[in-house]
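The structure under discussion appears below in the form of structure tokens.
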Amino acid sequence: MDSVMAHMTDGVIATDRRGNVTIINETASSFLDHEPDDAVGKSILDLLDIRDDYTLRELLEDPDDLVLDFSTKEHDLILQAYFSLIQRESGFISGLVCVLHDVTEQQKIDQDRREFVSNVSHELRTPLTSVRSYIEALSEGAWKDPKVAPDFLKVTQEETDRMIRMINDLLTLSRMDSGTQKVDLEMVNLNELFNYVLDRFDMMLKQDDQPEKTYTIKRDFTKRDLWVEIDTDRFTQVLDNLMNNAIKYSPDGGVVTARLLETHNNVILSVSDQGLGIPRADIPRIFDRFYRVDKARSRAQGGTGLGLAISREVVQMLGGRIWVDSREGRGSTFYISLPYKPYDEEDLWDEDN
Ligand SMILES: Nc1ncnc2c1ncn2[C@@H]1O[C@H](COP(=O)(O)OP(=O)(O)O)[C@@H](O)[C@H]1O
Ligand SMILES: [Mg+2]
């Protein structure tokens with residue numbers, strides 16, 4: 001084998017000059033789901049299931065690399081096949097060697113990346129297109145009409161703000177992906193931090209003379225002060241997003257319940273709403289980037305579809321977990337658990353002595 005290097009985990013198949021298998025290693029036979037004895041003597045075209053697309057002559061004359069999809073319902077398997085000829089010095093071709101390399105993971109990453117780029121483009125094109133049409137209308141004369149001009153300007157401003165939020169969210173995510181996101185860990189009193197965030201939401205409602213929607217925040221906290229090691233800014237962003245969602249997807253006048261409790265080695269924080277809930281089929285995907293149950297509704301409310309994706313990254317970075325429990329039409333509860341080492345005053349006293 002000259003031009004092709006095989007690794008231990010690669011499949012290797014050798015054929016005679018008619019393309020019939022003479023040798024096949026364990027890996028190749030398990031990739032192709034064939035007992036080695038069954039495979040020997042078979043044509044490689046049948047073994048790789050490429051008879052409809054290639055002739056043996058094509059493989060021998062111009063052995064290109066092929067990407068072959070052997071995925072089944074049970075598991076994904078994508079193989080890259082490299083071919084090279086077994087050739088004597090005289091030029092006589094006595095057979096073919098095929099190395100099969102498992103590229104399933106790589107293909108999945110590539111696929112995710114392509115999907116992500118296409119999502120980002122789409123998500124930005126939508127607000128840009130609407131901004132352009134409002135600006136067009138304004139410049140074609142609507143600017144002189146005091147009845148519509150302020151509204152048109154308001155929409156362009158809101159959409160621009162949303163695009164900026166989206167870009168900032170994307171930058172945050174990309175910093176987390178590349179590991180360049182700085183984490184400032186400090187011991188924080190979670191009861192205080194949660195209260196601070198909730199106070200802000202109470203205040204926002206109080207200061208709004210004509211709120212689009214009213215809500216009541218209920219607090220159900222443990223008596224004990226829970227100290228956890230977190231990045232305050234990042235974690236505040238997570239709490240903000242859960243609260244924003246709870247309010248956004250709540251009915252007018254709904255109650256949002258914020259809970260905080262501790263177990264033996266975790267703190268558990270939750271936010272419950274009485275909103276429209278999340279269909280069972282969507283639950284596994286709502287932490288995915290850009291995934292929204294109702295895109296139009298989310299956009300109309302200024303959503304970017306990135307809040308929960310960022311929240312999950314942050315919580316995982318802190319060694320915790322985030323999940324949701326929801327019934328369609330009945331409301332949702334989002335939970336976060338964080339690692340926690342309870343220590344009481346006695347321990348502190350012991351350390352001091
Ligand atoms: N409290 C909630 N009640 C119902 N659906 C929710 C709730 N929180 C999140 N969702 C669903 O999860 C999706 C993703 O949430 P998120 O990532 O915060 O994006 P955004 O809020 O920008 O739409 C939302 O679009 C919505 O469909
Ligand atoms: Mg959100």
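We use all heavy atoms of the structure for the numbers below, so side chains are in, but hydrogens, waters and symmetry mates are not. As the structure lists them, so they are numbered: ligands from 1, and atoms in each ligand from 1.
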Looking only at side chains, do [X] and [Y] share a donor and an acceptor under 3.5 Å apart?
| X | Y | answer |
| --- | --- | --- |
| S272 | T257 | no |
| Y291 | D282 | yes |
| E115 | N119 | no |

Contact partition for [X] relative to ligand 1, non-hydrogen atoms under 4.0 Å:
| X | value |
| --- | --- |
| N241 | side chain |
| I278 | side chain |
| V293 | both |
| K248 | side chain |
| F334 | side chain |

>> Check for me whether R289 meets the cation-pi criterion with F116, that is, NZ or CZ under 6.0 Å from the six-membered ring centre and within 45 degrees of the ring axis.
In response: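 Judged by the rule, R289 and F116 form a cation-pi pair.
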
> Are E328 and R280 close enough, and set up right, to give a salt bridge (Lys or Arg N to Asp or Glu O under 4.0 Å), and what steps lead you there?
Replying inline: CA-CA 8 Å; E328 219 179 335; R280 184 183 280 273; over 6 Å; no

> Is the backbone of G307 close enough, under 3.5 Å, to the side chain of N244 for a donor and an acceptor to pair up by distance?
Replying inline: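 Absent.
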
Identity and separation of the nearest protein heavy atom to [atom]:
| atom | result |
| --- | --- |
| atom 24 (C) of ligand 1 | Y249 OH, 3.2 Å |
| atom 15 (O) of ligand 1 | L308 CD1, 3.5 Å |
| atom 14 (C) of ligand 1 | Y291 O, 3.4 Å |

>> Any non-hydrogen side-chain atom of F194 less than 4.5 Å from a side-chain atom of F221?
In response: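 Counting from C-beta outward, F194 and F221 do come under 4.5 Å.
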
>> With heavy-atom distances below 4.5 Å as the criterion, would you say the side chains of R292 and R299 are in contact?
In response: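 A side-chain contact under 4.5 Å exists here.
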
>> Is G275 close enough to touch ligand 1? Criterion: a residue heavy atom under 4.0 Å from a ligand atom.
In response: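 Outside the 4.0 Å threshold, so no.
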
> What are the atoms of ligand 1, with element, lying closer than 4.0 Å to any heavy atom of D273?
Replying inline: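 Atoms satisfying the 4.0 Å criterion: 1 (N), 2 (C), 3 (N).
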
> What angle sits at the Mg ion (ligand 2) between OD1 of N241 and OD1 of N245, to 10°?
Replying inline: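 The angle at the Mg ion (ligand 2) comes to 100°, rounded to the nearest 10°.
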
